[in-house]
4 protein chains.
Amino acid sequence: MGSTPQPRRGNTRQRIQDVALELFAEQGYEKTSLREISEKLDVTKAALYYHFKTKEDILVSIFDDLNRPVEKLIAWGKEQPRTLETKKELLVRYSDALIDAAPLFRFMQENQAAVRDLSVGETSKKRLMELLDLLKDPDAALADQVRCVSALVSMHAGMFFLKDVDGKVEDKREAVLEVAVGLVTQAHSPDPAK
Amino acid sequence: MGSTPQPRRGNTRQRIQDVALELFAEQGYEKTSLREISEKLDVTKAALYYHFKTKEDILVSIFDDLNRPVEKLIAWGKEQPRTLETKKELLVRYSDALIDAAPLFRFMQENQAAVRDLSVGETSKKRLMELLDLLKDPDAALADQVRCVSALVSMHAGMFFLKDVDGKVEDKREAVLEVAVGLVTQAHSPDPAK
Amino acid sequence: MGSTPQPRRGNTRQRIQDVALELFAEQGYEKTSLREISEKLDVTKAALYYHFKTKEDILVSIFDDLNRPVEKLIAWGKEQPRTLETKKELLVRYSDALIDAAPLFRFMQENQAAVRDLSVGETSKKRLMELLDLLKDPDAALADQVRCVSALVSMHAGMFFLKDVDGKVEDKREAVLEVAVGLVTQAHSPDPAK
Amino acid sequence: MGSTPQPRRGNTRQRIQDVALELFAEQGYEKTSLREISEKLDVTKAALYYHFKTKEDILVSIFDDLNRPVEKLIAWGKEQPRTLETKKELLVRYSDALIDAAPLFRFMQENQAAVRDLSVGETSKKRLMELLDLLKDPDAALADQVRCVSALVSMHAGMFFLKDVDGKVEDKREAVLEVAVGLVTQAHSPDPAK
DNA sequence: CATGAATGAGTGTTCATTCAT
DNA sequence: TATGAATGAACACTCATTCAT
């Protein structure tokens, strides 16, 4: 927009990440070109390459930043007793993470194919599997295992799918959480050791 | 494998669709080039243009063929009484459709961003919304509405997410169905008119 | 130069090779861009890619075409008795090949670094070594081995180095040959079996 | 290693030259980027520009340093009587220079195309021509002129070509020299003034 | 029913170079 | 002495699409 050479502050790297995530989420990874990103930032394409080695590297850096809370959550979960309370708390905290990094998760959800053979794709899938392992009991009935899968995917898809449904965002979040907790509760074997 | 067994003499059209769907599902829409498709078929790119107007047109034609059952299902649903039985039957039939056209649905799921502004993207979303409307009661509690959303997305994602879980495909399908039915049942207001 | 869409004859592939070799020899491989080649041909860069898979592929195709006589020469040489007569004949024939494909050999000579890790680089070096093996006796004195090397490199470099020296091309060629033959003769062990 | 032992306090300039020459010789001029050089030195690209005006300037500075002995040799040669003894001595001294600055000469040999329109290219060619003029008699038979050319190019190429031949470096050097001297001797008109 | 030949617009990436600090 | 941040021009290459034959 401006043509005055703004006193390049040191925040360019951050701005690239912000704009990139916005466009990636809006149009998809493949359909977002570096030209587009650089134009929106009013810098040249080459400037992007000063800050990031490749296009994928931009995505990786965003992912690394925003995904840290999920990693912490999983680490936390692994140290807790495998009680229903723990599971419920996992869902609550995961819900928070999902909302904090909504664009990233929306992006990951909608670009699974594009991202499959990128490093973030694999990492992301691994995280999801770890979370799942914290929720489900390995030798529960198949339907109960599905309930845990269902709880997770509902939290992901739910948030975006619900955009077209009336209601306050906070209410929707709670409703999604309630359903997820219900599913996990149902799946929880009340007395695993007996 | 296709729904309507169109016995075209020259089966090239069909073969293009098959190979295209396979590659689209495997690598994503954007990352699959017409060159790739034509090479796998051992014809020239130009040949594709004899059978289809554009790349998108290939996708549309696949979608039209494979999605017809879902359209029929929705049409059927709209004529039924809005009972719990109807809803359960909807889920059962939808589950069948999902399995018959698994690659297509997997593709739609994993390429949401890529197809968002393609006609199939919109159509697909509309279908899903119509299905949802058949399952949920418009003025049910928010959580109950979420349960219906959850039932649907679980059916979609569930099938693919469960690939890494042990068990026979048929068993998994039934488990997914059981969970979906459970959610919809819970969401069904037992006496809407009272 | 014209803008009238000339009736694309089927010789484009050949024309690409011709122009490419010309530019490669004139400016070097790295400094010759595909844009340059295509502009000189009045086609688009993409057209080059219809005929050749990569830039290197253009070079390889030229090399394959023009280097065939040398391959034949070596094959012939391997079947001859290792007499001085054979060696002289090898030099004469090699001199012919050098002149027939002068631009290519000039190119190879002046772009050794650029071509070192291209396939043509290795192939070319191998050919030269095979030729050398046909000229020199493996256990001759070191100086005699050098004489054979010298004969070969003199033929290569000589032709181009002599551009700035007066004289008819045919005379120069014969002079170079005379010197090369002299060197090889001197190096030839008159009675290897004694 | 360098000719004039300029004991610059900050030795960065020297280090740049060393690394640059190493990479230029190894990979070629065009294929060696300033990024590569600076990374190998663990400084920034911009630092190179403090010491040298351009990429070419780096090459020029290396060339100027290492080529001085050749210039001196030519100046010396021009003052000597044009006897066979002088010519032999020229070859011996040139051989020394070649070995002292082997990487540079290897580089010049393998990158003729790349440096053709750089100043070093022209200078280098001029030096070679001057040397040649000291060796050959202007109105000798063509073949004798070729012998002198051959002596020179054999010294250049010979050293590198011989890498794949067995033998001690010192022996090879002497063998090359022997051959060169032989050629020049043969070319020397025994009684030019008579 | 299909191909051979080509195009125009685009992609991600690299380069030598600049300049305020 | 050097760097951090950026640029402009180029590069090799790919893509969906067209059209005469």
Side-chain angles (χ1 to χ4, degrees), chain A residues 5-13 16 30-38 41-58, chain B residues 8-13 30-38 41-58, chain C residues 5-13 16 30-38 41-58, chain D residues 8-13 30-38 41-58:
Chain A
Q6 289 162 325
R8 306 141 170 187
R9 284 145 299 148
N11 59 343
T12 304
R13 199 189 140 93
I16 294 173
E30 312 269 6
K31 277 169 74 178
T32 300
S33 72
L34 296 187
R35 181 182 51 74
E36 230 174 332
I37 296 176
S38 68
L41 285 166
D42 208 33
V43 296
T44 59
K45 262 190 298 174
L48 305 186
Y49 279 90
Y50 176 76
H51 295 283
F52 300 95
K53 273 210 317 268
T54 62
K55 183 185 181 185
E56 181 177 353
D57 202 43
I58 300 181
Chain B
R8 288 179 237 275
R9 294 135 298 161
N11 62 338
T12 304
R13 198 187 142 93
E30 310 271 4
K31 277 169 72 179
T32 301
S33 71
L34 295 188
R35 179 178 52 74
E36 230 173 333
I37 296 175
S38 67
L41 284 165
D42 212 37
V43 296
T44 58
K45 262 187 296 174
L48 304 186
Y49 280 88
Y50 176 80
H51 294 283
F52 300 95
K53 269 207 330 260
T54 64
K55 183 185 181 185
E56 181 177 352
D57 203 42
I58 299 181
Chain C
Q6 288 162 325
R8 306 139 172 190
R9 285 143 301 148
N11 59 344
T12 304
R13 198 189 142 95
I16 293 173
E30 310 269 4
K31 277 169 78 177
T32 300
S33 72
L34 297 187
R35 179 181 51 74
E36 229 172 336
I37 296 175
S38 67
L41 285 166
D42 209 33
V43 297
T44 59
K45 259 189 299 172
L48 305 186
Y49 280 92
Y50 176 77
H51 295 281
F52 300 95
K53 272 211 320 271
T54 63
K55 183 185 180 184
E56 181 176 353
D57 202 43
I58 299 181
Chain D
R8 288 178 238 275
R9 293 135 298 160
N11 62 337
T12 303
R13 197 187 143 94
E30 311 271 3
K31 276 169 74 179
T32 300
S33 71
L34 297 188
R35 178 178 55 72
E36 230 172 332
I37 296 175
S38 67
L41 285 166
D42 211 38
V43 297
T44 59
K45 262 187 295 173
L48 305 184
Y49 280 89
Y50 176 81
H51 294 283
F52 300 96
K53 266 202 337 254
T54 64
K55 183 185 181 184
E56 182 177 351
D57 202 44
I58 299 181

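Just so we're on the same page: letters track the sequence lines, and every chain starts at 1.
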Peer 1: Given F:dG4, is OP1 or OP2 found less than 4.0 Å from the side-chain N or O atoms of A:His51?
Peer 2: no
Peer 1: Without decimals, in angstroms, what is the distance between C:Ile16 CD1 and E:dA6 C1'?
Peer 2: 11 Å
Peer 1: Between D:Ala47 and A:Arg13, which has a closest nucleotide on DNA chain F that is more 5'?
Peer 2: D:Ala47
Peer 1: Nearest 0.5 Å please: distance from the CD1 atom of B:Ile37 over to the OG1 atom of B:Thr32.
Peer 2: 6.5 Å
Peer 1: Whole Å only: how far is the CG atom of C:Asn11 from the P atom of E:dG4?
Peer 2: 17 Å
Peer 1: Below 3.5 Å between N/O atoms, which protein atoms pair up with nucleotides 12-15 of chain F? Just atom names and distances, please.
Peer 2:
residue : atom : partner : partner atom : Å
F:dA12  : OP1  : C:Lys55 : NZ           : 3.0
F:dA12  : OP2  : C:Leu34 : N            : 3.1
F:dC13  : OP2  : C:Tyr49 : OH           : 2.7
F:dC13  : OP2  : C:Lys55 : N            : 2.8
F:dC13  : O5'  : C:Tyr49 : OH           : 3.1
F:dC13  : N4   : C:Lys45 : NZ           : 2.7
F:dC15  : OP2  : B:Arg35 : NE           : 3.2
F:dC15  : OP2  : B:Arg35 : NH2          : 2.9

Peer 1: Please identify each residue that fulfils salt bridge (charged side-chain N to carboxylate O under 4.0 Å, His left out) with C:Lys31, with sequence neighbours left out.
Peer 2: D:Asp117
Peer 1: Which distance, rounded to the nearest 0.5 Å, do you find between the NZ of D:Lys45 and the NZ of D:Lys55?
Peer 2: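 It comes to 12.0 Å.
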Peer 1: Does B:Thr12 make a side-chain N or O approach to OP1 or OP2 of E:dA2 shorter than 4.0 Å?
Peer 2: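 Indeed, a polar side-chain atom of B:Thr12 lies that close.
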Peer 1: Both distances under 3.5 Å, Watson-Crick or G-U wobble: report the partner of E:dA16, or none.
Peer 2: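 Partner of E:dA16: F:dT7.
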Peer 1: Would you kindly give the CZ-to-C1' distance between D:Phe52 and F:dA2, to the nearest whole Å?
Peer 2: 15 Å
Peer 1: Nearest 0.5 angstrom please: D:His51 NE2 to D:Asp57 CG, how far?
Peer 2: 12.5 Å
Peer 1: D:Val43 has a side chain; which of F:dT3, F:dA5, E:dG8 sits nearest to it?
Peer 2: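 In terms of side-chain proximity for D:Val43, the closest of F:dT3, F:dA5, E:dG8 is F:dT3.
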Peer 1: Across all strands, who's sitting opposite E:dT21 as a Watson-Crick or G-U wobble pair, both distances under 3.5 Å?
Peer 2: F:dA2
Peer 1: Hey, does the side chain of C:Tyr50 come within less than 4.0 Å of E:dA5's phosphate (OP1/OP2), counting only N and O?
Peer 2: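 For E:dA5, OP1/OP2 do have a side-chain N/O of C:Tyr50 under 4.0 Å.
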Peer 1: Measure CD1/B:Ile58 against C1'/F:dT17 and give the value in whole Å, please.
Peer 2: 12 Å
Peer 1: With rounding to the nearest 0.5 angstrom, report the CG to CG distance, D:Leu34 to D:Leu41.
Peer 2: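 Separation between the atoms: 11.0 Å.
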Peer 1: What's the spacing between C:Thr12 OG1 and C:Leu48 CG if we round to 0.5 Å?
Peer 2: 10.0 Å
Peer 1: Could you tell me how far apart B:Leu48 (CG) and F:dC19 (P) are, to the nearest whole angstrom?
Peer 2: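 It is 17 Å, rounded to the nearest whole Å.
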Peer 1: With a 3.5 angstrom cut-off on both distances, give the Watson-Crick or G-U wobble partner of F:dT14, or none if there isn't one.
Peer 2: E:dA9
Peer 1: Please state how far atom CG in D:Asp42 lies from atom C1' in F:dA2, giving the value in whole angstrom units.
Peer 2: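 It is 13 Å, rounded to the nearest whole Å.
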Peer 1: Drop me the distance from A:Arg13's CZ to A:Tyr50's OH, to the nearest 0.5 angstrom.
Peer 2: 11.0 Å
